[in-house]
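A quick write-up on the structure given underneath.
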Amino acid sequence: MGVMEQQVAARPPLIALLGNPNCGKTALFNRLTGARQKVANYAGVTIERKEGSFTAPSGRALRVLDLPGAYSLSAQTPDEAITRDVVAGLRAGEQAPDAVVCVVNATNLRLNLRLVLEIQRLGLPMLLALNMVDVARKRGIEIDTAKLSQELGMPVVETVAIQAGGEQALLEALDRMPLEHPGAPRPLAAIDAVPVEQTQREVRRILDACASYAHDKGNLSEKIDQVVLHPLAGPVILAALMFIIFQAVFSWAEAPMDFITGSVEGIGQWIGGALSEGPLRSLIVDGIIAGVGGVLVFLPQILILFFFILVLEDCGYLPRAAFLLDRMMGGVGLSGRAFIPLLSSFACAIPGVMAARTIQNPRDRLVTIMIAPLMTCSARLPVYALIIAAFIPAREVGVVNLQGLVLFALYALGIVSAMGVAWYMKRRSGGGQHPLLLELPAYHWPHLQTLALGLWERARIFLTRVGTLILTLMVLLWFLSSFPGAPEGATQPPIYYSVAGMLGRALAVIFEPIGFGWQICIALVPGMAAREVAVGALGTVYALSGSGDEMANTLGPLIAGSWSMATALSLLAWYVYAPQCIATLSVVRRETGSARYAWMMAGYMFALAYLASFITYRIALALGGG
Ligand SMILES: Nc1nc2c(ncn2[C@@H]2O[C@H](COP(=O)(O)OP(=O)(O)OP(=O)(O)O)[C@@H](O)[C@H]2O)c(=O)[nH]1
Ligand SMILES: [Mg+2]
């Protein structure tokens, strides 16, 4: 025996905690080890590795490893792959465990036992911790542990990981377990050889023999789910929720937006009055206040939208939405795992594109990345809100607010288009589907603190962008829009003759057919950096276009006076599709490892944008919106 091996042999036996996600492994791990734990990452990945040590009642020293949750050893996600490789002794630098404690959620054995049976085929010493028995008892689920132990051929103990002493039975059972020289685990092929259906049949047989649900009162969450996940009522509820949210974005935001507009105007007038006529006054009033202030007013709407999203997330509704949408996404060949990346993209496509890492199939991942920017990100909200407020009357149609309805339609258009693109890409590339296995967490009331933190986070991101990126671009735009000045005898406002004006007029040749004049074209250029910049840019452009000495007016009425309805609708359609965000394209390049996909994305999105705007503009003109 070499020196190394002697050292390994002298270390206390290693026990692995294994189980489905959310069954209480970490809670149990904390209860066993207290403060004696080491937290690190698995080599090369950002998945947490927790190891700790403790002493069993007899004085026997043990080490314990808290593994990432897994539904099966056939590994669908990176987390599951780590768990599988560690228990099978295949991960370099990791010792194979001497024994496995399989933790199961006693209220959901039907799902949890599949993994138990799979691990059992590895042939390691094993023990079952029937966790959350407190909840199971309260619900009236009866489990015969002696019978279960006999059926499974392993010790079964009850645990309550969240109660002091709830780990006692486990400790005693560990003391009775033979842990020395367990031998290496059997190869994984032993597991893959058994068909899933056979395992599931075995689970049902064991449950019939050992568990009784006759007195199961069910729980409130399940009762709610009977309605919320109902094949007909479920989607209707989801659509209604979304609809209400977009209504609120307009109706609740009115007062705070008026307040911000008023304040910005007040500051502009005050500074305008204090400074004498000249470039400095124009830079501050027309460049900074009109530009930055124009974007700032949308903070309330962004916060209202995220208030709802955070509440739905915190109370446990979002995984249900994933579940409901899984079938729809499956229809276009997307995996249910695409839901979280796509949902994140409603905040911003960048975290969405990065979250696509959790999708294992490379083709599914690529499709998800390619459609992520079609989800309406929060940077589009200012653009949409500006144009809607200026052109769509704030009328009530029945109980429905017309502006909210249009906003809802724009979000829906983004989603439908994304599904269309996904369908097209998948049809061309082929590829199968993977069922979505989700543990639905119990519903609970949203946490005020979590909510407040989440909202603060959104506000901070938005304000930082306004204060840095947008501010810088507005100052730059002001310079480009102010010089050179107007020639003698000019008939147009000075901006028309400036560098930005020349550029805008050149671009207008391309954009004329979809109804964009030179002023919009000027705003589109800095708007390439980020979508909401276009709103600030329009503010600056129209402030500088204003004839004579009048104070920078609010942007809405200004564009309402100078654009046709057809132009407004065309610009809305443009923003549903146009890839106006450099940061997203560069993240796509990084995440896919090649510039090709970033170019492809920019190309297809520009093409769709132009096409959609062209169609919208022509139809609107034909219907008399000119
Ligand atoms: N009532 C009750 N709740 C429990 C028990 N064990 C864990 N919980 C709760 O269940 C939730 C999930 O527990 P975790 O310990 O994080 O689960 P996990 O298995 O580590 O989850 P992953 O690491 O995501 O796989 C937490 O909110 C715990 O407080 C239990 O025995 N009874
Ligand atoms: Mg855990």
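Counting starts at 1 for both ligands and their atoms, in listed order.
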One line per pair, note the atom names and distance for all nitrogen or oxygen contacts under 3.5 Å between ligand 1 and the protein.
| unit_1 | atom_1 | unit_2 | atom_2 | d |
| --- | --- | --- | --- | --- |
| ligand 1 | 1 (N) | Asp134 | OD2 | 3.0 |
| ligand 1 | 6 (N) | Asn131 | ND2 | 3.1 |
| ligand 1 | 15 (O) | Thr26 | N | 3.3 |
| ligand 1 | 15 (O) | Ala27 | N | 2.7 |
| ligand 1 | 17 (O) | Gly24 | N | 3.1 |
| ligand 1 | 19 (O) | Cys23 | N | 3.2 |
| ligand 1 | 19 (O) | Gly24 | N | 3.0 |
| ligand 1 | 19 (O) | Lys25 | N | 2.9 |
| ligand 1 | 19 (O) | Lys25 | NZ | 2.7 |
| ligand 1 | 20 (O) | Thr26 | N | 2.8 |
| ligand 1 | 20 (O) | Thr26 | OG1 | 2.6 |
| ligand 1 | 21 (O) | Asn22 | N | 3.0 |
| ligand 1 | 25 (O) | Asn22 | N | 3.3 |
| ligand 1 | 25 (O) | Lys25 | NZ | 2.8 |
| ligand 1 | 31 (O) | Asn131 | OD1 | 3.1 |
| ligand 1 | 31 (O) | Met132 | N | 3.2 |
| ligand 1 | 31 (O) | Ala161 | N | 2.9 |
| ligand 1 | 32 (N) | Asp134 | OD1 | 3.0 |
| ligand 1 | 32 (N) | Asp134 | OD2 | 3.2 |

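At a threshold of 2.8 Å, the Mg ion (ligand 2) has no backbone or side-chain N, O or S atom of Asn22 nearer than that distance.
At most 12 heavy atoms of other shown residues, nucleotides or ligands fall within 6.0 angstrom of atom NE2 in His447. Around CZ of Arg589, the count of heavy atoms belonging to other residues, nucleotides or ligands within 6.0 Å does not exceed 12.
Two residues are said to be in side-chain contact when any heavy atoms from C-beta on lie closer than 4.5 Å; Arg91 and Tyr42 meet this criterion. Taking the side chain as every heavy atom from C-beta outward, Val103 and Phe29 never approach each other to under 4.5 Å.
A salt bridge is absent between Arg204 and Glu202: the closest approach of a Lys/Arg side-chain nitrogen to an acidic carboxylate oxygen does not fall below 4.0 angstrom.
Between Phe408 and Phe243, the ring planes lie perpendicular to each other; the angle is over 60°, past the 30° to 60° tilted range.
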